[in-house]
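Here the structure is laid out as structure tokens; the discussion comes afterwards.
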Amino acid sequence: MAVYHADALVIRSKQFGESDRVLTLFSRELGKLQAVAKGVRKPKSRQRAGAQLFTYGDFLIHRGKTLDTVSQCSPKESFPHLWNDLDRSFAATGIAELLDISTIKEQPNIELFRLTLTCFFLLEHFQPSLVLGAYALRLMDVLGYRPFLEGCADCGVSVKGDRLFFSLEAGLLCGNCRERYSGRWIRAGSVAFMRQLIRADITKLDRMRWGVWMEQEILETLRLYIEHKFERPLKSWRMGSLMQDNLEQSFDGKEGK
């Protein structure tokens with residue numbers, strides 16, 4: 001077909017030529033797509049709003065020989081809260097990047113589409129890092145990559161202790177199996193909290209609470225695990241962590257004066 005509709009989220013937008021942008025879209029029925037939005041970098045472009053990152057809209061796309069072209073976009077939601085708050089912006093960028101690196105073109109996944117759209121809405125009122133952690137675990141569960149957290153991923157025995165060994169290949173490992181794998185130590189409380197992030201009603205995440213140490217430990221563990229699985233760096237996750245460290249160091253410096 002020469003022209004098709006896509007009910008989609010913009011998960012990536014990059015400059016192309018003098019006034020265009022190449023959009024990576026994740027659509028409800030068609031999965032991940034790429035299309036060029038012509039002239040959207042011009043101030044008076046009618047499609048400018050629809051080419052913004054995180055936008056949810058109805059896209060009319062013309063199929064081309066090498067690259068499809070956005071003919072029209074009717075935005076349904078622009079999520080202004082994702083642009084007005086740095087933490088929410090980092091979390092949304094982390095969600096979009098993870099969706100992009102974990103999926104391939106034109107493979108529909110309605111469950112992932114709904115999860116992503118839901119999390120963009122939840123970021124308005126819920127703790128951003130909590131939404132990001134829950135999203136990462138649930139995305140990997142949908143795609144079949146979720147780390148094993150119920151016992152030893154290798155032999156299946158129960159794993160106990162205050163600190164547990166988390167393998168970057170599979171998940172938790174017992175003392176007899178961990179010698180063959182790379183990984184890191186993680187507190188048992190963090191593992192229990194990750195189980196809750198997967199099982200809990202995602203619309204009720206605001207009932208869950210984690211401390212700073214648990215937040216940092218879980219997100220760093222997930223980042224390392226995901227990067228190992230997909231063999232790609234999560235640039236936005238690293239940037240968000242770096243920004244947080246710099247802000248904390250700046251705050252500590254002021255306190256000491």
Side-chain angles (χ1 to χ4, degrees), residues 1-86 88-121 123 132 135-136 139 142-143 226-227 230-240:
M1 53 182 173
V3 179
Y4 61 95
H5 282 271
D7 183 49
L9 289 159
V10 180
I11 61 172
R12 190 179 181 191
S13 177
K14 64 178 182 179
Q15 295 183 8
F16 184 70
E18 294 184 0
S19 60
D20 307 339
R21 282 190 174 276
V22 174
L23 307 182
T24 300
L25 308 171
F26 196 84
S27 67
R28 186 186 300 270
E29 292 87 3
L30 303 172
K32 189 165 68 174
L33 309 167
Q34 273 197 334
V36 61
K38 294 187 176 181
V40 294
R41 293 171 58 197
K42 297 178 180 179
K44 296 183 179 181
S45 171
R46 294 182 179 180
Q47 296 187 35
R48 187 179 179 89
Q52 296 296 316
L53 187 62
F54 313 135
T55 297
Y56 170 45
D58 180 34
F59 294 82
L60 181 65
I61 303 174
H62 184 273
R63 193 175 295 280
K65 292 182 179 180
T66 56
L67 189 62
D68 294 355
T69 303
V70 176
S71 300
Q72 183 180 335
C73 174
S74 301
K76 297 180 180 180
E77 180 60 58
S78 60
F79 302 105
H81 56 274
L82 302 182
W83 295 101
N84 299 331
D85 181 275
L86 185 61
R88 287 176 171 77
S89 180
F90 272 128
T93 304
I95 286 172
E97 182 184 17
L98 177 52
L99 180 61
D100 189 19
I101 71 169
S102 63
T103 54
I104 60 177
K105 290 181 65 176
E106 299 182 1
Q107 285 210 350
N109 193 315
I110 294 178
E111 190 173 358
L112 270 189
F113 175 84
R114 290 173 178 167
L115 175 64
T116 307
L117 183 59
T118 297
C119 285
F120 279 178
F121 278 111
L123 281 171
L132 178 59
Y135 178 85
L139 173 140
V142 171
L143 296 177
I226 292 167
E227 289 182 339
F230 297 112
E231 299 181 339
R232 295 266 301 275
L234 284 169
K235 297 178 181 179
S236 59
W237 286 51
R238 294 185 179 194
M239 181 61 70

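In this chain, residues are counted from 1 in sequence order. The structure displayed is predicted, hence computed values, not measured ones.
The minimum heavy-atom distance between Y4 and R63, with the atom names listed, is CE2-NH2, 3.6 Å. The heavy-atom pair separating I110 from R28 by the smallest distance is CG1-O, 3.3 Å. The nearest pair of heavy atoms linking L132 to A91 is CD1-O, 3.8 Å. Counting all heavy atoms, side chain and backbone alike, S13 lies closest to L23 at OG-CD2, 3.5 Å. The minimum heavy-atom distance linking A35 with I61 is given by the pair CB-CG2, 4.1 Å. The shortest heavy-atom contact between A51 and A37 is CB-CB, 4.5 Å.
Between the side chain of D7 and the main chain of D58, no donor-acceptor pair closer than 3.5 Å is present. Between the side chain of N84 and the backbone N or O of P80 there is at least one donor-acceptor pair closer than 3.5 Å. Of the possible donor and acceptor atoms, one in the side chain of E97 sits under 3.5 Å from a partner among the backbone N and O of K235.
To the nearest 0.5 angstrom, I11 atom CD1 is 11.5 Å from I95 atom CD1. Here the CG-CG distance, from L115 to L139, works out to 7.0 Å after rounding to the nearest 0.5 Å.
Residues meeting the side-chain contact (heavy atoms from CB on, under 4.5 Å) test with E231, sequence neighbours left out: none.
Contact of the V70 side chain with the V36 side chain is not registered, since no non-hydrogen atoms from C-beta on lie closer than 4.5 Å.
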Apply ring pair (Phe, Tyr, Trp, His ring centres under 6.0 Å) to the pair W237 and F90, showing each step before the final yes or no. CA-CA 8 Å; W237 286 51; F90 272 128; over 10 Å; no
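In this structure, F79 has its ring center at least 6.0 angstrom away from the ring center of Y56.
When K14, Q34, K105 are each tested for a side-chain contact (heavy atoms from CB on, under 4.5 Å) with T24, only one passes: Q34.
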